[in-house]
Amino acid sequence: MKVLSKALLAATLTGLFSASVLAADFTLKIQSSDPSGDLNYKLQQEWAERVELMSNGRIDIALLPVGSIVKHTETLSSIKLGIIDGHVTATGYFSGKDPAFGLIGNMVGAWSDTTQLLQYMNYGGGNELMTELYAPYGVKFIGASTTGVESFISKKPLNGVDDLKGLKLRAPEGLVQQVFAAAGATPVNLPGSEVFTGLSKGVIDAADYTVFSTNQKAGMNDIATHPVQPGFHSLPLIDISISQKKWDAMPADLQEILTTSVRDFSYDITTQLKIADQAAVTEAQNNPNITIHDWSGDERKKFREIAKTQWKVFAERSPNAQKVYDSVTLFLTSNGLL
């Protein structure tokens, strides 16, 4: 019995030692584009913990909030340089490197719900295209996610496209700004961290920011009391990617665990944010100071027609952007969505 116990102990110690070596080999320092207090970040942490469990400790993900090591716009370059091992981020942040990232990262007005975008990415050629776009940067695209169709924050009543004319609104650089400018609005450059202050001080009257529940929790709807929900414009692509070198060093089973875990994460985050949005909408409806505006189908179509003209213009900015435009519009057309 004593001999058996020693053998078991030795086997256990050997297993633990082997696991610790493997875990050290596959520790991934991954920076998020979300702050630590957001629900998005909490769900990303849960994903990281699931990966560790599924891999029996062979993959250890050290998740870091936005700006911990580099700016959110610098993660792509930093992965190649080995400063970080990966990111969970909005792909559109890299439109300065190639307009293609801005187009695939947030093709304004293209998607009316999360399933459409994820179907395109997973089954319509999007994942393969992202793999091709990231290859020159030494980055392995693992998989796609998103949040939800973003609400629109406004201090002024917005019931349709005509109400956008002259509206001072915060919008990120690139296609989003371009579409809103074409619709007659006046886009203003502001980082996300300054949206609340900008609205409070009257620097802007409205903002493209994020989903309804996050806006509600942050008090955005209390100062900009005319939100548009459901949103009509923005559904960002969120990608989870790591260093190609790290990926190539992994055995096939760990690569499959990561790939499968990202698909699970995309369902988890979109579902949980939808539940949170529904609760936040109910809360806002019970506040007599907040008026939620739901655009009619005709008004949404008007905005989309404006957006479609800008997709074409944006596609002309690089050969890769044209590839994105051709790929997405083919999918939309083939599925009766255009």
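All figures in this text were calculated on a predicted structure; none of them were measured in a lab.
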Determine all donor-acceptor pairs shorter than 3.5 Å in which one atom belongs to a side chain in residues 86-96; sequence neighbours excluded.
| residue | atom | partner | partner atom | Å |
| --- | --- | --- | --- | --- |
| His87 | ND1 | Thr75 | OG1 | 2.9 |
| His87 | NE2 | Asp239 | OD1 | 2.9 |
| Thr91 | OG1 | Asp239 | OD2 | 2.8 |
| Ser95 | OG | Gly92 | O | 3.4 |

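- Atom NZ of Lys274 sits in a sparse spot, with 12 or fewer heavy atoms from other residues, nucleotides or ligands closer than 6.0 Å.
- A donor atom on one side chain and an acceptor atom on the other are found under 3.5 Å apart for Asp34 and Gln44.
- Proximity of a side-chain donor or acceptor of Lys168 to a complementary backbone N or O of Gly202 within less than 3.5 Å is detected.
- Side-chain contact of Lys97 with Ser77: a donor-acceptor pair under 3.5 Å is present, judged by distance alone.
- Note that the CE atom of Met54 and the CD atom of Glu256 stand 9.0 Å from one another [nearest 0.5 Å].
- Residue pairs meeting the salt bridge (charged side-chain N to carboxylate O under 4.0 Å, His left out) criterion with at least one member in residues 203-217, sequence neighbours excluded, are Lys156-Asp205.
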Salt bridge (charged side-chain N to carboxylate O under 4.0 Å, His left out), that's the test. Do Lys312 and Glu316 meet it? Break it down for me. CA-CA 7 Å; Lys312 290 182 180 179; Glu316 294 171 359; over 6 Å; no
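- In this structure, Trp311 contributes its side chain and Val108 its backbone to a donor-acceptor pair below 3.5 Å.
- In this structure a side-chain-to-backbone donor-acceptor pair under 3.5 Å is present from Ser55 to Ile59.
- The distance from atom CD of Glu74 to atom CD of Gln31, rounded to the nearest 0.5 Å, is 9.5 Å.
- Side chain of Thr260 to main chain of Ile257: no donor-acceptor pair is present (N/O by atom type, distance under 3.5 Å, no hydrogens or angles).
- When atom types are taken as modelled, the side chain of Asn106 and the backbone of Gly102 share no donor-acceptor pair closer than 3.5 angstrom.
- Side-chain atoms of Tyr120 and Ser327 form a donor-acceptor pair, as typed in the model, at a separation below 3.5 Å.
- Aromatic ring centroids of Phe152 and Phe180 lie under 6.0 Å apart.
- A donor-acceptor distance shorter than 3.5 angstrom exists from the side chain of Arg304 to the backbone of Ala110, with no hydrogens or angles considered.
- Side chain to side chain, Glu283 and Asn287 fail the donor-acceptor criterion of an N or O pair below 3.5 Å.
- Using a 4.0 Å cut-off between a side-chain N of Lys or Arg and a carboxylate O of Asp or Glu, Lys301 and Glu305 do not qualify as a salt bridge.
- The shortest distance between side-chain heavy atoms of Tyr134 and Leu76 falls below 4.5 Å.
- Side-chain contact annotation: Gln116 with Ser112, donor-acceptor N/O pair under 3.5 Å present.
- Neither side chain, Asp85 nor Ser243, offers a donor N or O lying under 3.5 Å from an acceptor on the other.
- Looking only at side-chain heavy atoms (C-beta outward), Gln178 and Phe314 come within less than 4.5 Å of each other.
- Under the 30°/60° scheme for interplanar angles, the aromatic rings of His233 and Phe303 are found to stand perpendicular.
- For the pair Asn127 and Met130, the minimum side-chain heavy-atom distance is 4.5 Å or more.
- Within the 3.5 Å criterion, the main-chain N or O of Gly82 finds no donor-acceptor partner in the side chain of Lys29.
- Remark: Asp162 does not engage Lys302 in a salt bridge, criterion side-chain N to carboxylate O under 4.0 Å.
- In summary, the side chains of Ser318 and Asp98 do present a donor paired with an acceptor at a separation below 3.5 Å, with no hydrogens or angles considered.
- A side-chain donor from one of Thr115 and Asp113 sits under 3.5 Å from a side-chain acceptor of the other.
- Without hydrogens or angle criteria, Ser261 side chain to Val51 main chain gives no donor-acceptor distance under 3.5 Å.
- Between Phe331 and Tyr123, the ring center distance fails the sub-6.0 Å criterion.
- Using a 4.0 Å cut-off between a side-chain N of Lys or Arg and a carboxylate O of Asp or Glu, Arg58 and Glu52 do not qualify as a salt bridge.
- Two residues are said to be in side-chain contact when any heavy atoms from C-beta on lie closer than 4.5 Å; Phe232 and Val149 fail this criterion.
- Neither side chain, Asn289 nor Asp222, offers a donor N or O lying under 3.5 Å from an acceptor on the other.
- Cluster membership for Leu254 and Ile240, using ILVMFWY side-chain heavy atoms within less than 4.5 angstrom, is shared.
- Within the 3.5 Å criterion, the main-chain N or O of Ile204 finds no donor-acceptor partner in the side chain of Arg170.
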Atom pairs and distances, side-chain donor-acceptor, residues 182-190, under 3.5 Å, sequence neighbours left out:
| residue | atom | partner | partner atom | Å |
| --- | --- | --- | --- | --- |
| Asn189 | OD1 | Gln177 | NE2 | 2.5 |

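- The shortest distance between side-chain heavy atoms of Met107 and Thr329 falls below 4.5 Å.
- A heavy-atom distance below 4.5 Å is found between the side chains of Trp111 and Val328.
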